[in-house]
2 protein chains.
Amino acid sequence: MTPAAVLTEERILDAAEDVLRRFGPAKATVVDVAKALGVSHGSVYRHFPTKVALRDAVARRWLDRLAGPLDPARDTEGPAAERLLRWLERLAAIKQGMALSDPELFATFSQLTAEAREVVDAHVARLAAQLTEIIADGVGTGEFAVEDPSTAGLAVLHATARFHHPLHAAEWADPAIGSELREVWRLLAQGLAARP
Amino acid sequence: MTPAAVLTEERILDAAEDVLRRFGPAKATVVDVAKALGVSHGSVYRHFPTKVALRDAVARRWLDRLAGPLDPARDTEGPAAERLLRWLERLAAIKQGMALSDPELFATFSQLTAEAREVVDAHVARLAAQLTEIIADGVGTGEFAVEDPSTAGLAVLHATARFHHPLHAAEWADPAIGSELREVWRLLAQGLAARP
DNA sequence: CAGCTGACAGATTTCAAACTTTGTCAGCTG
DNA sequence: CAGCTGACAAAGTTTGAAATCTGTCAGCTG
């Protein structure tokens, strides 16, 4: 349909994302993506070896966009425990907001990520590293006293799975979800805090 | 097939459980259950108003059997933090063991519980109450210092969802899962502990 | 007459044939 | 001659007609 510039991975991903949004993960085909770009589906296969690789690349882009704004370097104000809470609430707000405001898109996103194990592992590692950074800062100021901030970072991510993992999306309808996150955070933050 | 004593709810549930185990949740029908009992399917409807009610009753029985052995009154030895760890590891072992040793049955169990929201809510409340009991005991001995043991009990259950919620079964294949639970427990137990 | 049966309507599921999609590659085209 | 096309085989999905299932109830039976 589009008159066509050079066929880049970038342009294919834009089209694939759009097709996925519009048709959903079950009905979106490589032929649809090619049609949206005004090329034959064989051309798409010159850039991505399989449909799965294409989907993984779309998932990777989505997850990267999601993790970018969470970077702890963007919010260094106040005690580490508060930064930790803000980070957790921001992550939860991103996921829960998407689930609430556009359930179809969220379902597409969830399914893509559920199938892209390796991509998700990298994303989880990135999030854990962000938490590790906040915790390490807290150790630096004496607020926290953990031996290994990176183990603790991963543990905090695991302990809050209920509030950000798409598998739990059905539970986010409960209005208590926000205060439940705070209760878990309270225990974790106290657990991280220095023994005097 | 069975010559038939009185047709009780108990016997119907036994048969339904057996049929579900053998055929799986997708293929098990009320007619199959009736056939296993040697009665017409109409008779089953005299005891359970709908198929959903029958499935819910099976799910309730499974969950009750699961929660029984966890009762904190059965394990009152040692510090509360250790009791908490044992309780969490026992719960995880029950679920993870079932998922590993009989994946088909576990899938059946997961699907039934996923559909039986109310039954699961009651089960969650029961587990949270068991955790509350352990925490309240810890507060009694001065080991723990939380204002509201029942809020804390629920928070501990939520924080460990990754290790016992069937949604996360795919992640249990990772051999690190055991040490990850301990790391989360460590933070939670320290978080519960008295500020001096 | 309490409890079960079996025929029934409407909803749901199955199954196989028709169609669509994936992934490849020989050859066209600018 | 780099990059695209389109025909193709194998795999997977749709479709709709037939079969099965759910839930009800009038009437049978011990």
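Computation of the quantities below employed the complete heavy-atom set of this structure, encompassing side-chain atoms and omitting hydrogens, waters and symmetry-equivalent molecules. Proteins come first, then strands; the chains are lettered A, B, ... in the order of their sequence lines, and each starts at number 1.
B/Arg182 meets the salt bridge (Lys or Arg N to Asp or Glu O under 4.0 Å) test with B/Glu89; sequence neighbours excluded. For B/Arg60, there are no salt bridge (Lys or Arg N to Asp or Glu O under 4.0 Å) partners at least two apart in sequence or on another chain. Among residues two or more places apart in sequence or in another chain, the salt bridge (Lys or Arg N to Asp or Glu O under 4.0 Å) test is passed with B/Asp56 by none. When the salt bridge (Lys or Arg N to Asp or Glu O under 4.0 Å) test is applied to B/Asp14, the partners found at least two apart in sequence or on another chain are B/Arg61.
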Please tabulate, one pair per line, all N/O donor-acceptor pairs under 3.5 Å involving side-chain atoms of residues 142-149 of chain B, not counting sequence neighbours.
| unit_1 | atom_1 | unit_2 | atom_2 | d |
| --- | --- | --- | --- | --- |
| B/Glu143 | OE1 | B/Ala80 | N | 2.9 |
| B/Glu143 | OE2 | B/Ala80 | N | 2.9 |
| B/Glu143 | OE2 | B/Thr141 | OG1 | 3.1 |
| B/Asp148 | OD1 | B/Ser150 | N | 3.0 |
| B/Asp148 | OD1 | B/Ser150 | OG | 3.3 |
| B/Asp148 | OD1 | B/Thr151 | N | 3.4 |
| B/Asp148 | OD2 | B/Thr151 | OG1 | 2.7 |

Hey, can you pull the donor-acceptor pairs under 3.5 Å for the side chains in residues 90-100 of chain A, sequence neighbours left out?
| unit_1 | atom_1 | unit_2 | atom_2 | d |
| --- | --- | --- | --- | --- |
| A/Arg90 | NH2 | A/Asp75 | OD2 | 2.6 |
| A/Lys95 | NZ | A/His164 | O | 3.0 |
| A/Gln96 | NE2 | A/Phe163 | O | 3.1 |

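Identified under the ring-ring contact (aromatic ring centres under 6.0 Å, His included) test for residues 36-95 of chain B, with sequence neighbours left out: none.
Between the CG atom of A/Leu131 and the CG atom of A/Leu154 there is a distance of 9.0 Å, given to the nearest 0.5 Å.
Of the residues in residues 13-31 of chain B, none has a non-hydrogen atom less than 4.0 angstrom from any atom of DNA chain C. Remark: nothing in residues 106-117 of chain B comes within less than 4.0 Å of DNA chain D through any heavy atom.
Checked against the 6.0 Å centroid criterion, the rings of B/His158 and B/His165 do not qualify as a close aromatic pair.
B/Glu104 has its side chain out of reach of B/Arg21: every pair of non-hydrogen atoms, C-beta onward, lies at least 4.5 Å apart.
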What does the list of N/O pairs under 3.5 Å between the protein and nucleotides 4-10 of chain C look like, with a distance for each?
| unit_1 | atom_1 | unit_2 | atom_2 | d |
| --- | --- | --- | --- | --- |
| C/dC4 | N4 | B/Arg46 | NH2 | 3.0 |
| C/dT5 | OP2 | B/Ser40 | N | 2.8 |
| C/dT5 | OP2 | B/Ser40 | OG | 3.1 |
| C/dT5 | OP2 | B/Ser43 | OG | 2.6 |

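Across the protein-nucleic acid pair, A/Phe48 atom CZ and C/dG23 atom C1' stand 16 Å apart, rounded to whole Å. In this structure, the CD1 atom of B/Ile12 is 12 Å from the C1' atom of C/dG3, given to the nearest Å. Distance OH (A/Tyr45) to P (D/dC8): 19 Å, rounded to an integer number of Å. Distance A/Lys51 NZ to C/dT20 P: 15 Å, rounded to the nearest Å.
Using a cutoff of 4.0 Å between basic side-chain nitrogens and carboxylate oxygens, B/Lys27 and B/Asp32 are not scored as salt-bridged.
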* Paired and unpaired positions of DNA chain C as dot-bracket, Watson-Crick or G-U wobble under 3.5 Å, | denoting a partner strand -> ||||||||||||||||||||||||||||||
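Clustering of Ile, Leu, Val, Met, Phe, Trp and Tyr side chains at separations under 4.5 Å places A/Leu167 together with B/Leu167.
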* Asked: Given A/Glu77 and A/Arg83, is the side chain to side chain contact (heavy atoms under 4.5 Å, CB included) satisfied, shown in steps?
  -> CA-CA 7 Å; A/Glu77 292 301 303; A/Arg83 286 176 70 199; over 6 Å; no
